[in-house]
Amino acid sequence: MKMNYKIVADSSSDVLSLDTIPFANVPLVIHAGEKTFVDDENCDVEAMTAYMLSYKGKSSTACPGTQDWLDTFGDAENVFCVTITSGLSGSYNSARLAGEEYVAAHPGRRVHVVDTLSAGPELRLVVEKLQELILEGLPFDEIVEKIEKYHRQSFLVFSLQSLHNFVANGRVSPAVGALVGLLGIRVVGKASEQGTLEPLSKARGDRKALQELIRIMKELGWKGGRVRIAHNSNEAMANALRDALCALHGKLDVAIEHCRGLCCYYAEKGGLLVGFEGA
Ligand code: X90
């Protein structure tokens, strides 16, 4: 029964393609002065980073609109959308409206939108899980039930060296932003249940931040489940986390990647995002 399924995720997922199921990425965009970076497969993340370093003016981001989502559905009978947190972005709302329009125009077709209340590698986990459930041949409603349960038991933790772009775009309070003003200080935290940034502690240096991340992961029920790590120019920290987790649990399903445009912009240089299966 895996007839005509499609998975569509916004670009905060850092997922560009899938091998087995039709997939589309809906880009968010990053505006900086005269420049617009569309966070799709053509986004030159290195060039964007270099430009941002030299650019001192205001910058901002924008989520996809309803039509952007609609345009990706094609003629799929069953669509699963995976969005960045509705707590910080309008992407979920656009996807929901697109779903309503699509179903109204094509009775019998189905769209389910997952508001991950998260960003980055937690979306990748959800996309990969959806792929698995579809390949198992489960009916649509059962996949909906399973994926909603799954994302409530998966989590996102982060270590960030700067919250400048979060503050500049009004997505965290200046008080929270001030946590990481000092050189060498990282704010370590998680995506809250409302899908906002929840700082949990401060750490000096990546090594201390890693200890904090692992402590929080255990608190959230990590016992050797899948881990997806995304970083902005900090492969060393990503590798160190992978090695530490493997030392705790032996054989692990873990993958590391560099963030794409949107996550790079908000995670900023040195930032690390960790999506994982907890309890
Ligand atoms: O609609 C828009 O313009 C996009 C706004 C996105 C704001 C959040 C981006 C998060 C990227 C960085 C750190 C992880 C914190 C996640 C808290 C849920 C990832």
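Everything numeric here is computed off the predicted structure, so don't read it as measured data. Every number for a ligand or one of its atoms is a count from 1 in the order of the listing. Scope of the values below: all heavy atoms of this structure, side chains included, with no hydrogens, waters or symmetry mates.
Ring planes of Tyr5 and Phe80: parallel class, angle under 30° (limits at 30 and 60°).
Without hydrogens or angle criteria, Trp222 side chain to Gly225 main chain gives a donor-acceptor distance under 3.5 Å.
Closest protein heavy atom to atom 18 (C) of ligand 1: Ala191 CB, 3.6 Å. If you check which protein heavy atom lies closest to atom 1 (O) of ligand 1, you get Ser89 OG, 2.7 Å. Counting protein heavy atoms only, atom 15 (C) of ligand 1 is closest to Leu197 CD1, 3.5 Å. If you check which protein heavy atom lies closest to atom 13 (C) of ligand 1, you get Leu273 CD2, 3.6 Å. Distance from atom 16 (C) of ligand 1 to its nearest protein heavy atom, with residue and atom name: Leu156 CD2, 3.7 Å. Looking only at protein heavy atoms, the nearest one to atom 5 (C) of ligand 1 is Arg171 NE, 3.3 Å.
Nearest-heavy-atom check against atom 10 (C) of ligand 1 across Phe166, Tyr92, Tyr265 picks out Phe166.
Using a cut-off of 4.0 Å between Lys/Arg side-chain N and Asp/Glu carboxylate O, Glu128 and Arg124 are scored as salt-bridged.
For ligand 1, the atoms lying closer than 4.0 Å to a non-hydrogen atom of Thr61 are 2 (C), 3 (O), 4 (C), 5 (C). Atom numbering of ligand 1 starts at 1 in the shown order; those under 4.0 Å from a heavy atom of Ala62 are 3 (O).
Considering Arg242, Lys129, Arg226 in turn, Arg226 is the only one that fulfils the salt bridge (Lys or Arg N to Asp or Glu O under 4.0 Å) rule with Asp253.
In this model, a donor atom of one side chain and an acceptor atom of the other lie less than 3.5 Å apart for Glu212 and Ser201. No hydrogens or angles considered: nothing links the side chains of Ser12 and Tyr266 as a donor-acceptor pair under 3.5 Å.
Here the closest heavy-atom approach between residue Leu156 and residue Gly275 is recorded as CD1-N, 4.1 Å. For Glu268 against His164, the heavy-atom pair with the smallest separation is OE2-N, 3.3 Å.
Looking at Ser60 against ligand 1, nothing comes within 4.0 Å, counting heavy atoms. When heavy-atom distances to ligand 1 are checked against a 4.0 Å cut-off, Asn169 has no atom that comes that close, whether in backbone or side chain.
When only interatomic distances are considered, the shortest N/O to N/O separation between Tyr266 and ligand 1 does not fall below 3.5 Å. When only interatomic distances are considered, the shortest N/O to N/O separation between Ser118 and ligand 1 does not fall below 3.5 Å.
In this structure, Lys35 is not positioned above the aromatic face of Tyr55 in the sense of NZ or CZ being under 6.0 Å from the six-membered ring centre and within 45° of the axis.
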